[in-house]
S.K.: 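Dropping the structure in here first, questions after.
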Amino acid sequence: MHKIVLTTLATLGAAGIFGLSTSTTTASAATSKVNSYISSKNITPAKITKSIWNGFPKYKYRHGKGKPEGVVVHETANPSSTIYNEIAYMKNNYQNAFVHSFVDGSRIINIANTDYLAWGVGSPGNSRFVQFEQVEVHSKSAFAHEVANAAWYTAYLLKEYNLKPNDAAYDGKGTVWSHGSVASHLGGSTHTDPVGYYSATGKKYFGQGYTMAMFYQMVKKYYNGFSTSHTKLVNATYTSVNKQAKLSSKYKSYYLYNHVKGSNKNATKQSWSKISPKVGKTYYIDMTAKKSTGSMWYRIRPSKNSTKRYWIYSGNLTSIKDVATTTATATSASVESSNASSSSASADSSSVASSSSSN
């Protein structure tokens with residue numbers, strides 16, 4: 001059923017999804033009057049409003065839950081509609097098409113979980129990208145604010161999923177896509193939005209057509225402007241341990257990290273393949289971290305002697321227990337080795353804790 005829907009969406013029309021527009025242009029953003037206006041007016045993008053509707057289907061991207069490969073920018077092609085009308089329409093017609101979020105001159109409203117795919121560009125794009133719609137606005141200020149909101153939101157999504165800005169318009173291999181770029185490089189649709197809307201609205205209010213190339217420059221500006229100071233990190237208490245545990249069947253609902261998520265500015269998602277995941281397999285724990293929020297994290301090794309270490313949420317593990325010792329006493333050499341290992345682990349934890357506390 002799901003495969004049938006994905007392969008036939010290209011032929012389905014839905015107001016608020018498949019906008020008509022003109023051909024793309026690669027004009028330089030350096031001369032963009034819209035971008036200059038956004039900067040000169042110090043326009044601040046809107047905050048994201050979470051309004052997730054549970055009625056949308058939840059299918060994983062082709063590489064799994066929470067693993068999109070880029071962002072697709074749409075526009076509604078409906079000059080008389082509002083953002084709330086579009087959202088209501090989409091909820092009533094999601095079987096045909098839906099996107100994750102809507103943007104206008106004053107709002108960014110997220111209505112579908114971006115960890116799962118949406119149906120907005122047909123196959124194969126649906127299984128690859130987060131997608132959002134822009135609602136048509138009708139003033140100079142509103143258009144500039146909408147562009148700022150859309151560019152910032154695109155940059156935010158790239159940061160959220162550890163993706164780097166890369167304009168897909170030229171070779172179809174990037175992370176920032178228009179609906180038109182998807183249609184041109186991947187197929188599944190014949191639509192070219194938001195190119196026509198950008199061009200016409202830019203000319204109407206700024207005397208210069210706006211382009212996806214100009215939009216991409218704004219995305220890069222916002223992306224480069226993001227810093228860890230915008231994210232409030234939580235403290236964590238670290239303890240060196242010598243335990244073992246088995247991988248839970250719930251592990252696919254979580255992620256593997258290089259540091260404790262939310263308590264270290266350098267924490268990023270890692271591929272589960274790095275620890276050869278298998279339900280019931282034993283992993284070794286050399287450190288725990290209890291976050292100030294109450295959650296417990298474990299630093300694991302794939303084997304007793306492995307130098308590889310990764311952090312995982314406690315929900316990933318079961319049957320946690322101390323590692324059994326084979327002898328009552330230890331040689332001076334083994335004690336010395338153990339102390340060195342413990343010191344190394346403690347130094348690591350102190351460094352992490354210091355980073356967390358300073359933020």
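Starting from 1, each residue takes its place in the sequence as its number.
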S.K.: What are the two closest non-hydrogen atoms of Pro194 and Val73, and how far apart are they?
M.R.: CD-O, 3.4 Å
S.K.: Does a donor on one side chain and an acceptor on the other come within less than 3.5 Å for Tyr216 and Thr154?
M.R.: no
S.K.: Mind listing the closest non-hydrogen atom pair of Ser303 and Tyr284 along with its distance?
M.R.: C-CD1, 3.6 Å
S.K.: Minimum heavy-atom separation for Ala169 to His185, with atom names?
M.R.: O-NE2, 3.0 Å
S.K.: Just by modelled atom types, is the Glu75 backbone N or O under 3.5 Å from a matching donor or acceptor in the Asp193 side chain?
M.R.: yes
S.K.: Where do Tyr255 and Gly66 come nearest, in terms of heavy atoms and distance?
M.R.: OH-CA, 3.2 Å
S.K.: Evaluate the ring-ring contact (aromatic ring centres under 6.0 Å, His included) criterion for residues Tyr210 and Phe215: first the C-alpha distance (whole Å), next the side-chain angles of each, then the deciding distance (0.1 Å), finally the verdict.
M.R.: CA-CA 8 Å; Tyr210 197 62; Phe215 176 80; 7.0 Å; no
S.K.: Can you find a heavy atom in the side chain of His138 that is under 4.5 Å from one in the side chain of Pro79?
M.R.: yes
S.K.: I'd like to know if the side chain of Asn264 reaches the main chain of Val260, judged simply by a donor and an acceptor atom lying under 3.5 Å from each other, with no hydrogens or angles considered.
M.R.: no
S.K.: Could you tell me the separation between the OG atom of Ser106 and the NE2 atom of His145, rounded to the nearest 0.5 Å?
M.R.: 9.0 Å
S.K.: Within the side chain of Tyr283, is there an N or O that forms a donor-acceptor pair under 3.5 Å with the backbone of Ile275?
M.R.: yes
S.K.: Quick one: does any side-chain atom of Asn35 pair with a main-chain N or O of Met214 as donor and acceptor, under 3.5 Å?
M.R.: yes
S.K.: Determine whether Tyr116 and Tyr59 satisfy the following criterion, ring-ring contact (aromatic ring centres under 6.0 Å, His included), listing intermediate values before the conclusion.
M.R.: CA-CA 6 Å; Tyr116 299 96; Tyr59 294 107; 8.9 Å; no
S.K.: List the steps, then state whether side-chain hydrogen bond (donor to acceptor under 3.5 Å, both in side chains) holds for Ser271 with Ser273.
M.R.: CA-CA 5 Å; Ser271 171; Ser273 63; 2.6 Å; yes
S.K.: Cut-off 3.5 Å, side chains only: do Thr76 and Glu133 have a donor facing an acceptor?
M.R.: no
S.K.: Does the ring centre of Phe98 sit less than 6.0 Å away from the ring centre of Phe56?
M.R.: yes
S.K.: Cluster question for you: counting only ILVMFWY and a side-chain heavy-atom cut-off of under 4.5 Å, with indirect links fine, are Met287 and Leu247 together?
M.R.: no
S.K.: Side chains of Ile285 and Ile320: does their closest heavy-atom pair fall under 4.5 Å?
M.R.: yes
S.K.: Taking the side chain as C-beta and beyond, is there a heavy-atom pair between Leu317 and Ser248 under 4.5 Å?
M.R.: no
S.K.: Counting only N and O atoms by type, is there a donor-acceptor contact under 3.5 Å from the side chain of Ser199 to the main-chain atoms of Val195?
M.R.: no
S.K.: Consider only side-chain heavy atoms of I, L, V, M, F, W and Y, link residues closer than 4.5 Å, and tell whether Ile52 and Leu117 are in one cluster.
M.R.: no
S.K.: Could you point out which residue of Tyr156, Phe132, Trp177 forms a side-chain contact (heavy atoms from CB on, under 4.5 Å) with Val71?
M.R.: Phe132
S.K.: Does the side chain of His179 pick up a donor-acceptor pair with the side chain of His191 at under 3.5 Å?
M.R.: no
S.K.: If you round to the nearest 0.5 Å, how far is NZ of Lys140 from NZ of Lys41?
M.R.: 7.5 Å
S.K.: I'd like to know if the side chain of Asn316 and the backbone of Tyr313 have a donor-acceptor N/O pair within less than 3.5 Å.
M.R.: yes
S.K.: Could you tell me whether Lys246 atom NZ has more than 12 heavy atoms of other residues or ligands within 6.0 Å of it?
M.R.: no
S.K.: Other residues, nucleotides and ligands only: do more than 12 of their heavy atoms fall within 6.0 Å of NZ on Lys261?
M.R.: no
S.K.: So do Tyr94 and Ile111 actually touch side chain to side chain, heavy atoms under 4.5 Å?
M.R.: no
S.K.: Looking only at heavy atoms, what is the nearest atom pair of Ser81 and Val135, with distance?
M.R.: O-CG1, 3.6 Å
S.K.: Could you check Thr288 against Met296 for side chain to side chain contact (heavy atoms under 4.5 Å, CB included), going step by step and ending with a plain yes or no?
M.R.: CA-CA 7 Å; Thr288 65; Met296 182 66 75; 4.0 Å; yes
S.K.: Checking the side chain of Asn149 only, and the main-chain atoms of Asp104 only, is there a donor and an acceptor separated by less than 3.5 Å?
M.R.: yes
S.K.: Thr201 side chain to Tyr198 main-chain N or O, any donor-acceptor pair under 3.5 Å?
M.R.: no
S.K.: Is the shortest side-chain heavy-atom distance between Val147 and Ile38 below 4.5 Å?
M.R.: yes
S.K.: List the steps, then state whether side chain to side chain contact (heavy atoms under 4.5 Å, CB included) holds for Tyr197 with Val137.
M.R.: CA-CA 10 Å; Tyr197 170 62; Val137 295; 3.3 Å; yes
S.K.: Do Ser139 and Ser141 have side-chain atoms, one donor and one acceptor, less than 3.5 Å apart?
M.R.: no
S.K.: Verify the distance criterion only: is there a donor paired with an acceptor across the side chains of Gln134 and His74 at less than 3.5 Å?
M.R.: no
S.K.: Whether the side chain of Glu69 engages the backbone of Lys67 through a donor-acceptor N/O pair (distance < 3.5 Å, no angle test) should be reported.
M.R.: no
S.K.: May I have the step-by-step check of side chain to side chain contact (heavy atoms under 4.5 Å, CB included) for Lys47 and Ile108, ending in yes or no?
M.R.: CA-CA 7 Å; Lys47 294 182 179 180; Ile108 302 171; over 6 Å; no
S.K.: Quick check on the hydrophobic clustering: are Leu163 and Tyr223 connected, directly or via other members, by side-chain heavy-atom contacts under 4.5 Å?
M.R.: yes
S.K.: Quick one: CH2 on Trp53 to CE on Met90, what's the gap to the nearest 0.5 Å?
M.R.: 11.0 Å
S.K.: Taking atom types as modelled and ignoring hydrogens, do the side chains of Ser295 and Lys290 form a donor-acceptor contact shorter than 3.5 angstrom?
M.R.: no
S.K.: Given the rule in the side chain to side chain contact (heavy atoms under 4.5 Å, CB included) test, do Lys269 and Tyr161 qualify, once you have shown the distances and angles that lead to the verdict?
M.R.: CA-CA 9 Å; Lys269 298 173 184 176; Tyr161 290 104; 4.2 Å; yes
S.K.: Hey, does the side chain of Thr175 reach the backbone of Lys164 with a donor-acceptor pair shorter than 3.5 angstrom?
M.R.: yes
S.K.: Which residue is it: Tyr257, Tyr310, Trp311, Tyr254? I am looking for the one with a ring-ring contact (aromatic ring centres under 6.0 Å, His included) to Trp297.
M.R.: Tyr257
S.K.: Counting only heavy atoms not in Lys173, do more than 12 sit closer than 6.0 Å to its NZ atom?
M.R.: no
S.K.: Compare all side-chain heavy atoms of Gln208 with those of Thr31 and state whether any distance is below 4.5 angstrom.
M.R.: yes
S.K.: Do you know the tightest heavy-atom contact between Asn110 and Thr114?
M.R.: ND2-CG2, 4.0 Å
S.K.: Calculate, to the nearest 0.5 Å, the distance between atoms NZ and CG belonging to Lys58 and Asp115 respectively.
M.R.: 9.5 Å
S.K.: If you draw a 6.0 Å radius around NZ in Lys278, do more than 12 non-hydrogen atoms from other residues or ligands fall strictly inside?
M.R.: no
S.K.: Side chains of Asn78 and Glu86, heavy atoms from C-beta outward: is any pair under 4.5 Å?
M.R.: yes
S.K.: Do Ile300 and Ile312 come within less than 4.5 Å of each other through their side chains, counting heavy atoms only?
M.R.: yes
S.K.: Atom CH2 of Trp152 and atom OH of Tyr222: how far apart are they, to the nearest 0.5 Å?
M.R.: 10.0 Å
S.K.: Taking atom types as modelled, is there a side-chain donor on Tyr61 or Asn126 under 3.5 Å from an acceptor on the other?
M.R.: no
S.K.: How long is the straight-line distance from CE of Met212 back to OG1 of Thr192, given to the nearest 0.5 Å?
M.R.: 11.5 Å
S.K.: Do Ser178 and Ser181 have side-chain N/O donor and acceptor atoms under 3.5 Å apart?
M.R.: yes
